[in-house]
Amino acid sequence: MPAAYLISESQVTDQALMDEYAEKAGPSVAAYGGELVAATTNVAHMDGMSKPPRIVIIRFESMEKAKEWYNCPEYQAVLPMRFRASNSSVYFVEGVE
């Protein structure tokens with residue numbers, strides 16, 4: 001079963017609230033086996049559509065585990081904070097075996 005990756009593109013509009021969100025969301029990520037791979041504003045935009053201001057990548061053991069985390073009560077309780085703190089998109093992509 002291939003790993004799955006959460007990829008988040010965001011423009012933070014309230015850094016203090018985003019910091020609080022990250023602090024509260026982090027334990028739920030770890031509880032579901034998620035591993036932070038990248039969280040940066042240092043994005044080298046080479047071509048294509050617009051450059052996202054911030055990228056976060058989290059690795060999960062499977063797509064099922066990633067979705068289980070996203071839908072868990074612990075994360076759903078803090079998710080509205082991300083919506084208020086940023087303009088963002090989140091994707092889950094399956095890795096290759």
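Treat the numbers as computed from the prediction; the structure is a model and nothing was measured.
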Counting C-beta onward and ignoring hydrogens, is there a side-chain heavy-atom pair between [X] and [Y] closer than 4.5 Å?
X	Y	value
T13	R84	no
I7	V90	no
E35	F60	no
E64	M1	yes

Problem - Test side-chain contact (heavy atoms from CB on, under 4.5 Å) applied to V56 and L36, step by step - result: CA-CA 8 Å; V56 172; L36 183 63; 3.9 Å; yes
Please report the closest heavy-atom contact between [X] and [Y], naming both atoms and the distance.
X	Y	result
T40	V43	O-CG2, 4.1 Å
W69	L6	CZ3-CD1, 3.4 Å
A25	S28	O-OG, 2.7 Å
A85	M18	CB-N, 3.6 Å
P27	K24	CD-O, 3.4 Å
Y32	E74	OH-OE1, 3.7 Å

Practice task
Look at atom CD of E68 and say whether more than 12 heavy atoms of other residues, nucleotides or ligands are closer to it than 6.0 Å.
Solution key: yes
Practice task
Mark yes when over 12 heavy atoms from residues, nucleotides or ligands other than K65 sit less than 6.0 Å from its NZ; otherwise mark no.
Solution key: yes
Atom pair [atom1] ([X]) and [atom2] ([Y]), whose distance is rounded to the nearest 0.5 Å:
X	Y	atom1	atom2	answer
N87	E9	CG	CD	12.0 Å
M63	F92	CE	CZ	8.0 Å
R82	D14	CZ	CG	14.5 Å

Problem - Of S8, S10, S88, the residue whose pairing with R54 passes side-chain contact (heavy atoms from CB on, under 4.5 Å) - result: S10
Practice task
Could you tell me if the ring centre of Y70 sits under 6.0 Å from that of Y75?
Solution key: yes
Problem - K51: salt bridge (Lys or Arg N to Asp or Glu O under 4.0 Å) partners, not counting sequence neighbours - result: none
Problem - Cluster link F83 to I58, ILVMFWY, side chain under 4.5 Å - result: yes
Practice task
Group every Ile, Leu, Val, Met, Phe, Trp and Tyr by side-chain heavy-atom contacts under 4.5 Å, then state whether I55 and V37 land in the same group.
Solution key: yes
Exercise for the section: Would you confirm whether S86, through its side chain, and Q11, through its main-chain N or O, come within 3.5 Å as a donor-acceptor pair? Expected result: no
